[in-house]
Amino acid sequence: MNALRGHSNIQGLTDVGLLSNQMPGYLALPTDRETTFADYMKTRQFKPLRPGQVSYWQNYGKFFVSFQKAVYGDAARADNDWAYDWLPKLDVSTYDIIRAFEMMANGEMNGYLCQGFNPLQAFPDRGKIRRGLGKLKFLVTMIPWIRRPRGSGRTSARRNPSNPADIQTEVFQLPTSCFAEENGSLVNSSRWLQWHWKAAGAPGQARSDIWIMTQIFHRMREMYRKEGGAFPDPILNMTWNYTDPTSPDPEELAKDMNGRALVDLKDANGATIVQAGKLLDGFAQLRDDGTTALRLLDLLGLLYREGQSDGAARCHRSARAGHRLELGVGLAGQPAHHVQPRQRRSRGKPWNPKKPVIEWDGKQWTGIDVPDYTPTTKPFRWGRPLHHERGGRRTPVRARPDGRWPIPRALRALRVAFRECPASEGAHQSCSAGFCR
């Protein structure tokens, strides 16, 4: 599915999973009812729906522990439930942008840090947005282009009837560099990860988002260290082990997101598979005993390789195989590069035998891609998607008022539509409706 987005930072936000009710990598943020780590894990010990099924999310404990080790380092231990008590607990379903500006308008929020966008232009009900911003005590803006709507108290047009004398909001404008003025990665609407290099320096006093956020973090932590606070532990114990702690290099951050081994990792036979300090290759190497660290689950083993940035990371696999299917400038943004082969209805044989991206060899799926189910799942067999929490395949629909589910009728309609589609007469006629069979 090509998830279209308005601009790349929104696509990147959804890939990172940095939502108000989630931690990076789509890990669920605890609720105030889940007071202990055991309570939190009760609903996340996913089990297969059918015998023999597997699920990527059955490794949730490994994902969570590795994330906590990356954030808190040695301070996250088994005897303190991997610093679970330091995580914020949600008292509502989500603090999305609608709730945030509702709270601003009601005078329930004092400050707002706005990074990379203009809420007056991005969200509906501009009048309510303007009134909410006008009730803040402080507003921090981080954006490459400072435009007039940034100052919510300015009367710049008929649509802004604000009286500056009534607005006491203190605005801190922090100009940032743009993507062409720094090294880093981009994610486009097709979920391709691409590494880019700095083309020019930032103008004037503009600084990178990394530098600005780092300075805010260090100054806040120093205030907590000197003055104390209601709950300083999460800030004081956060790890920040970078060569330049005042401005981490993007490639260092990429290694952090990719995941690394904290000790020598061994297989069932005692052989070392990953040495201590080395980067991880995939989620199968994660551990739930505190011996692996991972900041971003979605980029595990994808964003960085030893001695290589993203452009050369894994796309060389197809070039080595002689397929030349990729240009070597990007990487599909899915954990373990999983795909759902469409050859299952053609007995596992690719449409073009000269370019077998993935195929069934009689015993297992082979090729340069990884199937989104067990490698030994035979063609024509029920799929067992790894990325569904319970290892089953589902269609996201709601039941009708009478309690009946509209799935069969909907799928029949889709199947008829695809049969009548002119594209079904082309090269892919054998699998055009395969997803709804």
Side-chain angles (χ1 to χ4, degrees), residues 2-22 24 92-182 184-192 194 196 199-200 202-213 215-216:
N2 192 343
L4 297 179
R5 298 289 188 268
H7 33 82
S8 62
N9 66 331
I10 297 300
Q11 176 67 35
L13 183 146
T14 55
D15 285 335
V16 169
L18 195 58
L19 306 177
S20 63
N21 61 339
Q22 293 178 333
V92 295
S93 59
T94 177
Y95 280 97
D96 59 7
I97 208 68
I98 296 177
R99 184 183 296 273
F101 279 95
E102 186 74 26
M103 294 175 67
M104 286 186 205
N106 295 333
E108 300 173 353
M109 184 179 293
N110 292 327
Y112 186 63
L113 196 157
C114 183
Q115 181 182 15
F117 72 103
N118 188 337
L120 286 173
Q121 295 180 339
F123 302 138
D125 197 347
R126 179 178 295 185
K128 186 174 184 178
I129 300 296
R130 183 184 65 250
R131 291 191 298 271
L133 293 173
K135 293 183 179 181
L136 293 173
K137 292 182 179 179
F138 68 90
L139 170 65
V140 181
T141 66
M142 296 171 55
I143 199 168
W145 304 279
I146 303 298
R147 302 185 181 187
R148 292 191 64 82
R150 280 289 154 196
S152 57
R154 296 178 180 176
T155 306
S156 57
R158 293 182 304 169
R159 296 182 180 180
N160 187 3
S162 301
N163 182 3
D166 298 333
I167 296 177
Q168 304 302 314
T169 305
E170 186 174 7
V171 180
F172 301 89
Q173 296 182 335
L174 307 179
T176 66
S177 55
C178 70
F179 74 95
E181 296 163 349
E182 57 194 25
S185 63
L186 285 176
V187 184
N188 69 8
S189 59
S190 296
R191 299 181 71 91
W192 287 5
Q194 294 178 302
H196 64 84
Q205 298 183 4
R207 297 291 185 269
S208 69
D209 291 71
I210 295 175
W211 186 90
I212 293 174
M213 296 301 293
Q215 300 303 314
I216 293 175

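The minimum heavy-atom distance between A100 and M109, with the atom names listed, is O-CE, 3.8 Å. Between T141 and Q173, the closest heavy-atom pair is OG1-CA, 3.4 Å. In this structure, D209 and M142 approach most closely via the heavy-atom pair OD2-CE, 3.6 Å. Among all heavy-atom pairs drawn from A202 and A206, the shortest one is CB-O, 3.8 Å. Taking each heavy atom of E182 and H196 in turn, the nearest pair found is O-CE1, 2.9 Å.
Considering only heavy atoms from C-beta on, L133 stays 4.5 Å or farther from T169 through its side chain. Inter-residue side-chain proximity for L139 and E170 is flagged as unmet; no heavy-atom pair is nearer than 4.5 Å. At least one side-chain heavy atom of I216 sits under 4.5 Å from a side-chain heavy atom of L113. Taking the side chain as every heavy atom from C-beta outward, V92 and T94 never approach each other to under 4.5 Å.
Put simply, CE on M103 and CG on N110 are 9.5 Å apart, with the number rounded to the nearest 0.5 Å. Rounded to the nearest 0.5 angstrom, R131 CZ and N106 CG are separated by 10.5 Å. Atom CZ of R207 sits about 11.5 Å away from atom CD of E181, to the nearest 0.5 Å. In this structure, Q168 CD and K135 NZ are separated by 14.0 Å, a value rounded to the nearest 0.5 Å. Once rounded to the nearest 0.5 Å, the distance linking CG of L120 with CD1 of I129 reads 7.0 Å. Here the CD atom belonging to E102 is positioned 12.5 Å from the CD1 atom belonging to I97, to the nearest 0.5 angstrom.
Between the side chains of S208 and S177, no donor N or O sits under 3.5 Å from an acceptor N or O.
Few gaps surround CZ on F123; more than 12 heavy atoms of other groups in view lie less than 6.0 Å from it. By the 6.0 Å contact criterion, CD1 on I98 is open, its count of non-hydrogen atoms from other residues, nucleotides or ligands being 12 or less.
Checked against a 6.0 Å centroid threshold, the rings of Y112 and F101 count as neighbours.
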